[in-house]
Q: 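Please see the structure below; I have some questions.
Predicted model, so just to flag it, every value in this text is computed and none were measured. FYI, side chains are in, hydrogens and waters are out, and symmetry mates aren't considered; it's all heavy atoms of this structure. The chains referred to below are lettered A, B, ... by the order of the sequence lines, with proteins before strands, and numbering in each begins at 1.
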Protein chains: 2
Amino acid sequence: MARATQKRTLETRARLIAAAEAIVAEVGFEALRVEEVVLRAGTAKGTFFVHFKDKDTLMDLIIGPRIDAHLDALQAGPAPRTIEEMTGALMPLCDLMTCERYVFDVILRYSGAAGVAEIGPIASTFGRQIEIFAQWFDDAPFRRDVTADLLAEGVQAFVIQAMAAQFCALHNSQSIRERLEPYLRAWLTPAAGGT
Amino acid sequence: MARATQKRTLETRARLIAAAEAIVAEVGFEALRVEEVVLRAGTAKGTFFVHFKDKDTLMDLIIGPRIDAHLDALQAGPAPRTIEEMTGALMPLCDLMTCERYVFDVILRYSGAAGVAEIGPIASTFGRQIEIFAQWFDDAPFRRDVTADLLAEGVQAFVIQAMAAQFCALHNSQSIRERLEPYLRAWLTPAAGGT
DNA sequence: TAAAAAAGTTGACCACGGTCATTTTTTTTG
DNA sequence: CAAAAAAAATGACCGTGGTCAACTTTTTTA
């Protein structure tokens with residue numbers, strides 16, 4: 001049977017994460033350097049990669065909980081009953097995810113787990129998002145011709161689309177919220193149509 | 001006034017691109033190394049970066065036209081009249097965009113132009129996509145309560161969502177097409193609802 | 001408690017994208 | 001045509017993420 005993790009290990013890991021958090025607070029995610037992290041944590045460079053598969057994995061670990069905090073807030077609050085309420089509720093999450101171009105890229109890259117055994121913090125938050133959105137739709141004044149899960153996945157797709165447009169000089173004259181609202185209105189309260 | 005580009009320059013650039021295309025054909029996009037490109041092209045490493053801002057820019061240049069080729073085909077064909085026809089028409093494009101994880105990442109990163117003056121090949125294709133989709137909807141048996149442009153942007157969002165799921169071990173038991181169809185059905189032929 | 005085994009750490013080293021002062025080639029000027 | 005100016009190419013060098021064989025510390029075994 002596997003031996004218990006040593007206290008020393010946990011301490012080293014905690015020092016590395018604390019150093020990384022401090023650096024992020026000071027210079028942002030993109031400017032974080034592994035060298036700087038190990039310097040502050042007082043470890044060798046190799047130690048970093050013993051604890052984290054790569055730099056992005058550490059980012060996953062730092063960004064994931066921040067997203068989760070927003071999801072906690074969403075879950076604690078009431079289900080939005082209008083499109084305006086919904087976009088309003090989603091904006092803090094969008095702002096976090098688009099705080100840096102680099103952060104948005106990491107989130108997209110990590111939003112899907114590479115393997116079932118490797119569901120990282122960010123990938124988990126994407127699963128949670130669907131759950132939370134779907135709960136909103138279980139009993140809401142929106143369309144009911146499709147499953148709540150499908151509606152939820154659509155909301156996620158549109159949120160991503162709206163955020164991505166923010167980084168495009170051709171489209172960023174509109175705010176994320178301005179882009180998201182027509183999407184969600186058309187998705188959640190369609191006037192019917194089609195053959 | 002600016003002097004004309006030298007023939008030598010165009011030749012060097014052509015050699016670099018040809019070398020890159022050959023490498024991609026042999027080992028794929030992800031395994032391409034700049035060192036290998038310049039070795040085959042018979043130039044110094046620095047020359048590569050005189051011609052391309054960075055490695056990703058070259059990728060943009062190689063991937064963009066391939067997407068365009070598919071868009072040409074879509075534009076040449078008739079507008080799909082059913083969801084099945086639409087997903088069928090879109091699949092070749094999806095297969096190209098997801099041929100490698102790395103390719104999908106590059107496409108996402110370059111899908112939005114960083115500046116109006118820097119609209120690269122891939123970013124252009126995303127604009128074209130919207131135009132082509134919107135044309136489909138100008139006269140189609142789908143919902144008509146929202147603009148064709150909005151419908152087109154939605155299709156794009158759902159295509160990306162379906163492709164992204166393909167790289168997630170949690171979801172990739174379903175094919176892209178199987179995921180895309182319910183999305184598009186719900187988006188393009190809603191049964192009405194909402195308040 | 002000593003020896004063996006496992007866990008944890010280390011830092012020199014590598015891979016690879018990207019830079020830039022210098023050199024070579026081409027074009028323009030007079 | 002030679003001299004000057006501009007354009008293009010060069011390759012040694014750098015930054016940074018990541019590896020790994022050797023070393024140190026902790027835990028287990030007997």
Q: When the distance from CD of E11(A) to C1' of dT26(D) is rounded to whole Å, what number comes out?
A: 13 Å
Q: Across the strands shown, which category fits V50(A) at heavy-atom distances under 4.0 angstrom: base, sugar-phosphate, nothing?
A: base
Q: dA8(D), OP1 or OP2 - any side-chain N/O from H51(B) closer than 4.0 Å?
A: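 No, because none of the side-chain N or O atoms of H51(B) sits under 4.0 Å from OP1 or OP2 of dA8(D).
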Q: Examine the base of dG17(C) for any acceptor or donor lying under 3.5 Å from a partner atom in the side chain of K45(B), and report the outcome as yes or no.
A: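 Answer yes: a donor N or O sits under 3.5 Å from an acceptor.
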Q: From dT10(D), dA7(C), dT10(C), pick the nucleotide closest to the side chain of A44(B)?
A: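 Of the options given, the side chain of A44(B) lies nearest dT10(D).
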Q: Both G46(A) and E35(A) contact DNA chain D. Taking the nearest nucleotide for each, which residue is further toward the 5' end?
A: E35(A)
Q: Using whole Å, what does the distance between atom P of nucleotide dG15(D) and atom CZ of R33(A) come to?
A: 11 Å
Q: Quick test of your reading of the model: are R40(B) and E26(B) salt-bridged, counting only N-O distances below 4.0 Å?
A: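 Yes, R40(B) and E26(B) are salt-bridged.
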Q: Taking only the side-chain heavy atoms of R8(B) (C-beta and beyond), determine which of dA9(D), dG18(D), dG17(D) contains the nearest atom.
A: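 Looking only at side-chain atoms, R8(B) lies closest to dA9(D).
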Q: L32(A) has an atom CG; how far is it from atom C1' of dG17(D), in whole Å?
A: 12 Å
Q: When the distance from CZ of F52(B) to C1' of dT19(C) is rounded to whole Å, what number comes out?
A: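 Distance, rounded to whole Å: 17 Å.
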Q: Would you say T57(B) and D54(B) are linked by a side-chain donor-acceptor pair, where the criterion is simply a distance under 3.5 Å?
A: yes
Q: Nearest whole Å is fine: how far is dG8(C) P from K7(A) NZ?
A: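 In whole Å, dG8(C) P and K7(A) NZ are 14 Å from each other.
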Q: Aromatic ring centroids of Y110(B) and F126(B) under 6.0 Å?
A: no
Q: Which nucleotide, dT10(D), dG17(C), dT27(D), lies nearest any side-chain atom of T47(B)?
A: dT10(D)
Q: When all nucleic acid strands are considered with a 4.0 Å heavy-atom cut-off, which category describes T9(B): base, sugar-phosphate, or nothing?
A: sugar-phosphate
Q: Let's see if you can work this out: which of dT10(D), dG18(C), dG17(C) has an atom nearest to the side-chain heavy atoms of V34(B)?
A: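 When the side chain of V34(B) is considered, dG17(C) is the closest of dT10(D), dG18(C), dG17(C).
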Q: Does the pair R109(A)/D105(A) count as a salt bridge with the N-to-O cut at 4.0 Å?
A: no
Q: Under 4.0 Å, heavy atoms only, any strand: does L10(B) hit a base, just the sugar-phosphate, or nothing?
A: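 Answer is nothing: L10(B) stays at 4.0 Å or more from every strand.
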Q: For the residue pair Q166(B) and R179(B), confirm or rule out a side-chain donor-acceptor distance under 3.5 Å.
A: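 R179(B) and Q166(B) do not have a side-chain donor-acceptor pair below 3.5 Å.
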Q: Rounded to whole angstroms, how far apart are CZ on F29(A) and P on dT16(D)?
A: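 After rounding, the gap between these two atoms is 19 Å.
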Q: Nearest-Å distance, NZ (K53(B)) to C1' (dG18(C))?
A: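 Taking NZ of K53(B) and C1' of dG18(C), I get 10 Å after rounding.
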Q: Is the shortest side-chain N/O distance from T5(B) to OP1 or OP2 of dA7(D) below 4.0 Å?
A: no
Q: Let me know the distance between CG of D54(B) and P of dG15(D), rounded to the nearest Å.
A: 19 Å
